[in-house]
Amino acid sequence: MAGKPKLHYFNGRGRMEPIRWLLAAAGVEFEETFLEAPEDLEKLRKDGYLMFQQVPMVEIDGMKLVQTRAILNYIATKHNLYGKDIKERALIDMYSEGVADLYEMIMLFPLCPPDQKGAKMAQIKERTTNRYFPAFEKVLKSHGQDYLVGNRLSKADIHLVELIYTVEEIDPSLLANFPLLKALKTRISNLPTVKKFLQPGSQRKPPLDDKVLEEARRIFKF
């Protein structure tokens with residue numbers, strides 16, 4: 001029996017959090033090895049474990065996978081969360097990329113210079129309510145099904161619900177005008193595997209705070 005996937009990253013959300021969400025939703029137990037100092041990252045590099053010298057890295061099925069999307073696609077394919085044919089995969093990829101665009105803006109917000117934070121946050125809220133959430137609401141309305149693609153759970157649903165939770169941490173009212181997204185969030189959150197991941201004490205990471213940001217700066221030297 002193969003061992004549990006092992007996740008290598010720092011003890012924060014960042015680019016690893018969607019991977020944690022997807023593994024958890026698939027019901028896969030995983031271990032985490034946290035980088036605690038720049039030397040930990042340097043050791044992974046020197047040992048040849050990081051193809052492009054960067055994390056996240058996941059040890060899974062005898063491989064040391066890097067690049068977030070590659071990792072997510074492998075997990076989704078292995079656990080039947082990637083559609084039934086090439087057309088469904090194309091839609092799942094398209095929706096997942098849309099989620100990733102907004103997620104990236106939110107993830108990078110703490111790195112924004114203080115004098116630009118107001119404008120950047122305004123942009124995030126505007127994009128949420130006028131570009132991304134309306135697009136996903138329209139998809140759900142167009143087919144009237146429970147999930148984004150093929151009326152079955154896919155990685156696109158998991159990524160979108162993670163994004164919804166992240167947006168609600170910024171401003172819960174941003175979801176107010178999107179009843180189908182609210183329903184999707186409730187539906188996915190009640191899946192036993194996801195429900196477990198949302199409980200206190202799980203491997204889900206809290207929102208980034210100043211302490212975690214400083215730890216990341218120290219480890220990754222940015």
Side-chain angles (χ1 to χ4, degrees), residues 1-83 85-86 88-112 154-160 162-163 166 193 197 202-208 212-222:
M1 180 178 169
K4 296 177 184 176
K6 183 179 288 186
L7 281 50
H8 296 264
Y9 203 61
F10 85 110
N11 190 7
R13 285 185 182 176
R15 299 187 190 282
M16 187 66 89
E17 194 69 0
I19 296 168
R20 297 183 184 108
W21 266 83
L22 193 58
L23 284 168
V28 178
E29 293 185 5
F30 57 89
E31 300 173 353
E32 298 191 78
T33 298
F34 296 122
L35 306 175
E36 296 179 347
E39 293 76 21
D40 296 335
L41 180 58
E42 195 53 42
K43 186 176 190 311
L44 287 176
R45 288 169 174 160
K46 285 182 177 176
D47 290 345
Y49 287 0
L50 305 179
M51 184 174 188
F52 301 112
Q53 311 299 314
Q54 60 195 16
V55 290
M57 186 269 279
V58 175
E59 293 185 69
I60 184 170
D61 297 340
M63 299 181 289
K64 293 178 175 62
L65 291 182
V66 295
Q67 295 297 336
T68 305
R69 288 174 178 80
I71 296 166
L72 292 169
N73 289 347
Y74 181 80
I75 293 165
T77 302
K78 180 175 180 178
H79 296 286
N80 209 21
L81 295 168
Y82 210 179
D85 57 33
I86 190 169
E88 287 194 356
R89 286 194 294 277
L91 291 175
I92 290 166
D93 282 341
M94 183 167 68
Y95 301 155
S96 297
E97 290 298 315
V99 168
D101 285 349
L102 183 55
Y103 189 91
E104 184 91 353
M105 289 178 68
I106 296 169
M107 185 179 67
L108 295 178
F109 174 75
L111 306 181
C112 189
S154 75
K155 78 185 189 87
D157 300 298
I158 305 300
H159 297 334
L160 179 54
E162 180 195 356
L163 177 67
T166 305
T193 53
F197 187 61
S202 80
Q203 288 166 294
R204 184 182 177 215
K205 303 300 179 253
L208 189 72
V212 176
L213 179 59
E214 282 311 306
E215 182 181 356
R217 287 187 187 278
R218 182 174 56 82
I219 294 167
F220 298 116
K221 297 181 178 177
F222 62 84

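Here the side chains of Pro56 and Thr68 are in contact, with some heavy-atom distance below 4.5 Å. Side-chain contact check for Asp61 versus Lys78: some heavy-atom pair is nearer than 4.5 Å. Between Asn11 and Met16 the shortest side-chain heavy-atom distance does not fall below 4.5 Å.
Considering Ile75, Leu160, Asp93, Val99 as possible partners of Lys155, the one that fulfils the side chain to side chain contact (heavy atoms under 4.5 Å, CB included) test is Asp93.
Between atom CG of residue Leu81 and atom CG of residue Asp157 there is a gap of 9.0 Å, rounded to the nearest 0.5 Å. If you take CD1 on Ile106 and CZ on Arg13, they are separated by 10.0 Å, rounding to the nearest 0.5 Å. Summarising the geometry, atom NE2 belonging to His8 is positioned 4.0 Å from atom CE belonging to Met57; distances are rounded to the nearest 0.5 Å. Taking CG of Leu102 as the reference point, atom OG1 of Thr166 lies at 9.0 Å (rounded to 0.5 Å). Taken from CG in Leu72 to OG in Ser96, the straight-line distance is 8.0 Å, to the nearest 0.5 Å.
Side chain of Asn73 to main chain of Ala70: no donor-acceptor pair is present (N/O by atom type, distance under 3.5 Å, no hydrogens or angles). A donor-acceptor distance shorter than 3.5 angstrom exists from the side chain of Tyr9 to the backbone of Arg15, with no hydrogens or angles considered.
Between Tyr95 and Ala156, the closest heavy-atom pair is CB-CB, 4.1 Å. Taking all atoms of both residues into account, the shortest heavy-atom contact from Pro38 to Lys221 is CB-CE, 3.6 Å. Contact detail for Pro5 and Leu23: the closest heavy-atom pair is CG-CD2, 4.3 Å. Contact record, Val66 with Tyr49: CG1-O, 4.5 Å, taken as the closest heavy-atom pair. Residue Ala25 comes nearest to Ile158 through the heavy atom pair CB-CD1, 3.5 Å, listed as atom of the first residue, atom of the second, then distance. Nearest approach of Pro110 to Leu208, heavy atoms of both residues: CG-CD2, 3.5 Å.
In terms of the side-chain hydrogen bond (donor to acceptor under 3.5 Å, both in side chains) criterion, Arg204 has no residue partners (sequence neighbours excluded). Remark: Ile219 pairs with Phe10, Leu35, Glu215 by the side chain to side chain contact (heavy atoms under 4.5 Å, CB included) rule, at least two apart or across chains. With sequence neighbours excluded, the residues satisfying side chain to side chain contact (heavy atoms under 4.5 Å, CB included) with Asp101 are Tyr132. Residues passing the side-chain hydrogen bond (donor to acceptor under 3.5 Å, both in side chains) test with Arg218: none are found, sequence neighbours excluded. Remark: Glu97 pairs with Arg69 by the side-chain hydrogen bond (donor to acceptor under 3.5 Å, both in side chains) rule, at least two apart or across chains. The side chain to side chain contact (heavy atoms under 4.5 Å, CB included) check on Leu65 picks up Ile60, Met63, Ile71, Tyr74, with sequence neighbours excluded. Residues passing the side chain to side chain contact (heavy atoms under 4.5 Å, CB included) test with Arg89 are Tyr82, Ile86, sequence neighbours excluded.
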For this session: Please step through side-chain contact (heavy atoms from CB on, under 4.5 Å) for the pair Val55 and Arg45, ending with a clear verdict.
Result: CA-CA 10 Å; Val55 290; Arg45 288 169 174 160; over 6 Å; no
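Remark: Phe109 CZ is packed, more than 12 non-hydrogen atoms of other residues, nucleotides or ligands lying under 6.0 Å away.
Judged purely by distance below 3.5 Å, without hydrogens or angles, the side chains of Tyr103 and Glu162 pair a donor atom with an acceptor atom.
Listed by first and then second residue, the salt bridge (Lys or Arg N to Asp or Glu O under 4.0 Å) pairs involving residues 46-55 are Lys43-Asp47 (not counting sequence neighbours).
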If you look only at distance, which donor and acceptor atoms sit under 3.5 Å apart when one is on a side chain in residues 26-34 and the other is two or more places apart or in another chain?
residue: Glu29; atom: OE1; partner: Lys4; partner atom: NZ; Å: 3.2
residue: Glu32; atom: OE1; partner: Arg20; partner atom: NE; Å: 2.8
residue: Glu32; atom: OE1; partner: Arg20; partner atom: NH2; Å: 3.2
residue: Glu32; atom: OE2; partner: Lys205; partner atom: NZ; Å: 2.8

